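Remarks on the structure that follows.
Given the structure is predicted, the values throughout are model-derived calculations rather than measurements. Proteins come first, then strands; the chains are lettered A, B, ... in the order of their sequence lines, and each starts at number 1.
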Amino acid sequence: MIEIEKEIDRFHKQYQSVQSEMGRAIVGNQEIVGGILSCLLTRGHVLLEGVPGLGKTKIVQTLANVLNLKFNRIQFTPDLMPGDIIGTNVVRETEDGEKYLDFQPGPIFCNLMLADEVNRATPKSQSALLEAMQEKSVSVGKITHKLEEPFFVMATQNPIELEGTYPLPEAQMDRFLFKLKIVYPTSDEMHEIMNRTTQVEEPQVKAVLEQGEVLEMRKTVLSVPIAKSIQDYAIRLTLATHPNAPQSHPLTNKYVRFGASPRGTQALVLGGKVQALLNDRAHVSAEDIRAVAYPALRHRMLLNFEGEAEHVDTDVILKEILKDTAGPRE
Amino acid sequence: MNESTSATDQNLILGFLASVDRRLRVNEALEGLTLGLWALSGLLLASWLFGVWERPAPRAGLLLVYGVVLAGFVAWSFTRRKGLKAPAGVADARSDSKDALKSSLDFIGLPERTRWMDFQIHRTAGLAQGLSAAEIAPTFLPKPFFYSTALAVGLAALLSWNPAWLQEVDATTWFSANDPMSAESASAEEYGALPQEEERLQELDEAREALKRELEMPETLRDLQAAKDALAASRLEMEQLAMDLENLGAELESTPALGDLAEAMKSKDAEKAAELLRSLAEKLKNAQTSEELQALLESLKDANVQQGDLADLLEKLDKAQGNMSEESLAEMAEALMDAANQLESMSEQMAADQALEAMGEEMQSLQAAMGQQQAAGQQQPGQQQQAGGQATQSAGMMSSQLQMAQFQGDPSSAVPVDAGPAGDATGPGGGQEPVLGEATTLDVQLEMELLKTQERDEPIPEEIFERLSRQEKSTLNYEALSQRGSYAEDSALGHESIPWIYRSLVKQYFLSIVSKSEAKSESGSEK
């Protein structure tokens with residue numbers, strides 16, 4: 001009993017330390033940082049979307065520094081090839097003059113990977129990430145190379161400069177646990193950003209969490225139990241995004257072509273567990289599920305023609321679904 | 001954590017939830033009661049609108065049934081158990097425990113639990129210990145309960161209000177009425193006799209209303225009077241006719257040859273008399289000699305019938321005698337047949353008159369009964385109501401039957417009702433076994449249907465080959481398959497299958513052929 005109390009307490013402290021350390025470099029964006037950490041602690045990946053200059057890359061870089069994990073960055077461009085991501089076999093020669101193929105690992109072999117502007121690469125290169133993100137392994141030739149845990153992909157994409165881009169396919173999108181939208185900072189936050197970034201010395205962050213601690217935190221998250229009634233609520237929320245289903249919402253029927261997959265429910269439950277621990281609870285509540293509903297489901301709903309034509313935001317549909325879906329059944 | 005601690009935690013949570021559940025059920029029962037009071041108000045209004053309230057017996061029954069239903073509903077809403085999930089949800093919502101109780105209840109129901117689940121149950125037990133069921137689910141009377149009660153009580157008072165309560169009462173009467181001793185004894189007797197008196201009064205009221213309705217039917221009375229007059233007239237006519245027949249019979253008695261006829265007329269059996277006259281006509285037809293005829297007619301003439309009402313019959317007999325003198329036997333027989341028919345119609349009229357007389361007697365008895373009931377109706381209308389109603393009903397039926405008979409002029413319509421419908425003589429109740437004749441046979445001969453065969457031309461030997469070729473020629477229209485093929489299929493089928501490495505060889509082959517043929521043609525032209 002006391003052990004679990006200590007576990008929760010430790011998790012809380014570690015999380016707070018990461019967040020406060022990141023807060024030294026990142027102004028605002030507490031929800032974004034929380035969302036990224038939730039994905040990291042639930043073995044997921046995160047997709048960051050925002051206009052240029054909002055600090056997407058900065059957040060990821062700072063997180064990598066704070067976590068003291070191996071970090072790599074790939075700038076996705078149209079001419080990027082899969083080999084540039086996962087690595088390739090190169091011919092080498094021994095001292096005896098014998099030639100052999102040697103696998104040269106790509107930048108994906110790291111703990112934290114920043115796939116910057118992921119929608120600028122061709123689908124072929126984007127798909128190279130699929131196996132790595134889901135299976136945590138890379139196959140080159142006949143050999144499968146396991147990636148080191150924790151393996152965490154943070155991808156960014158720009159929603160406005162769409163010319164010459166390749167929107168991520170649905171299968172790729174579904175592999176991101178959360179899709180986080182970075183919004184413009186407020187006036188106060190802007191002042192703070194100016195103060196920090198326009199001086200001689202920029203704030204530096206130090207590593208506060210080791211690799212092993214991150215893995216421990218992951219275990220703690222997965223241990224949190226969830227009651228069946230709360231899980232049922234998460235499932236009903238997911239099913240409400242399915243058009244023409246018994247539980248579907250009227251807005252879903254009107255604007256959505258495909259709803260969230262079971263991965264969406266997984267994202268809700270896992271995100272809810274992190275939220276429960278952050279709120280010093282040993283059980284998931286409906287409030288925790290609701291807190292992660294937007295980042296967990298917004299990118300898993302595919303709009304139909306009508307929805308695209310009317311520029312419907314999936315967040316609006318989710319808001320209505322959350323409002324109209326009854327809470328956990330009594 | 002050991003098992004005893006876990007069990008204690010579980011009991012603590014379950015006990016708390018049971019307490020909340022009990023309070024919630026009490027609240028539900030009170031809400032049900034409130035609903036019932038609203039319904040009572042509605043019931044009171046409805047009973048007033050439909051006039052049930054003024055009648056004590058249905059009012060008491062209605063209120064009793066309502067009371068039983070309401071008590072049953074309240075008891076059911078209190079005793080039904082929907083499980084502890086609902087109270088857990090309510091407690092979570094009201095204590096802001098973020099689904100802790102609900103989750104713990106779920107975990108308690110699991111067969112196997114993790115450390116974290118036990119930890120959560122332990123935490124929730126501590127939470128439940130700090131919570132008060134009275135605060136989470138306070139028992140209270142809902143506001144609508146007071147409104148509904150006030151409305152129901154007000155309506156009941158309003159409906160029970162008697163304006164006589166406000167009338168000025170004489171002091172002596174008031175004191176005697178309010179004397180405790182006399183009031184007790186009087187009230188005891190009154191209470192004892194009250195239900196019977198009420199029932200009797202109610203029955204009398206109903207009987208009086210029914211009788212009043214029956215007596216307020218002038219048409220029935222008019223019909224009765226008309227039927228009575230018709231009966232009196234027909235009775236006189238029938239008496240005269242019977243007397244005439246009796247006299248005629250006495251006069252014919254002196255003639256020996258007409259003894260049977262005289263007997264039938266004396267006994268007023270007109271039907272039999274008509275039958276005898278018919279047989280007499282047959283005898284006239286079959287008379288062998290003129291002497292016999294003469295004797296028959298003489299005997300008829302000697303009868304010296306002098307009845308004024310039967311003058312037609314005698315005229316016909318004279319006519320028959322006249323015809324005999326002219327030796328026209330057929331006309332004489334016809335005259336006798338006419339006389340027989342007249343007698344037969346007289347017989348039918350007599351039968352109708354007898355039926356009318358019977359009905360008249362019955363009507364008189366009914367009218368007498370009605371008169372008695374009307375006279376006694378003011379004293380005991382309840383007892384007379386049934387008889388009066390039946391009498392009126394019977395009289396109404398009787399008058400309608402008479403009207404039908406008078407209107408149609410059909411004597412047979414006045415036949416008594418007990419004549420019964422005509423039955424089937426061959427049936428088991430007919431009294432006679434049916435006589436079966438010989439079985440009929442039907443010879444049926446089936447003929448083979450002749451199918452017309454198509455006539456075929458015999459083939460002409462010379463045209464056999466031409467005919468064969470004509471038959472083989474297909475009459476189906478078909479289209480060339482190539483027209484249906486798409487461009488893609490066409491191109492796929494028509495694509496060159498010669499491998500490119502052999503193309504040069506094929507080209508060389510054709511060029512060599514061309515060169516040889518050209519050489520030949522050139523040499524031929526030179527030649």
Pairwise distance [atom1]([X]) to [atom2]([Y]) - rounded to 0.5 angstrom:
X	Y	atom1	atom2	answer
A:T220	B:W116	OG1	CH2	6.0 Å
A:H283	B:L101	NE2	CG	8.5 Å
A:E5	B:H122	CD	NE2	7.5 Å
A:D280	B:K98	CG	NZ	13.0 Å

Tightest non-hydrogen contact, residues A:P225 and B:F107, listed as CB-CZ, 3.7 Å
Closest non-hydrogen atom pair, A:I230 against B:S103: CG1-OG, 4.2 Å
In terms of heavy-atom contacts, does [atom1] of [X] have more than 12 from other residues, nucleotides or ligands at under 6.0 Å?
X	atom1	answer
A:E31	CD	no
A:R43	CZ	no
A:K319	NZ	no

A:P328 side chain reached by B:K102 side chain, heavy atoms, under 4.5 Å: yes
Could you go through the side-chain contact (heavy atoms from CB on, under 4.5 Å) check for A:S229 and B:D106 one step at a time? CA-CA 8 Å; A:S229 54; B:D106 269 5; 3.4 Å; yes
Answer yes or no: is there an ion pair linking B:D99 with A:R281, defined by an N-O contact shorter than 4.0 Å? no
Region of A:V284 in contact with chain B, defined by heavy-atom distances below 4.5 Å: backbone
Show, in sequence, the C-alpha distance, side-chain angles and deciding distance for A:E3 and B:R115, and conclude whether the side-chain contact (heavy atoms from CB on, under 4.5 Å) test is met. CA-CA 10 Å; A:E3 287 172 11; B:R115 285 187 312 130; 3.4 Å; yes
Under 4.5 Å from any heavy atom of chain A, what part of B:S104 do you find: side chain, backbone, both or neither? neither
Most heavy-atom pairs under 4.5 Å with chain B, out of A:I4, A:D288, A:I226, belong to A:I4
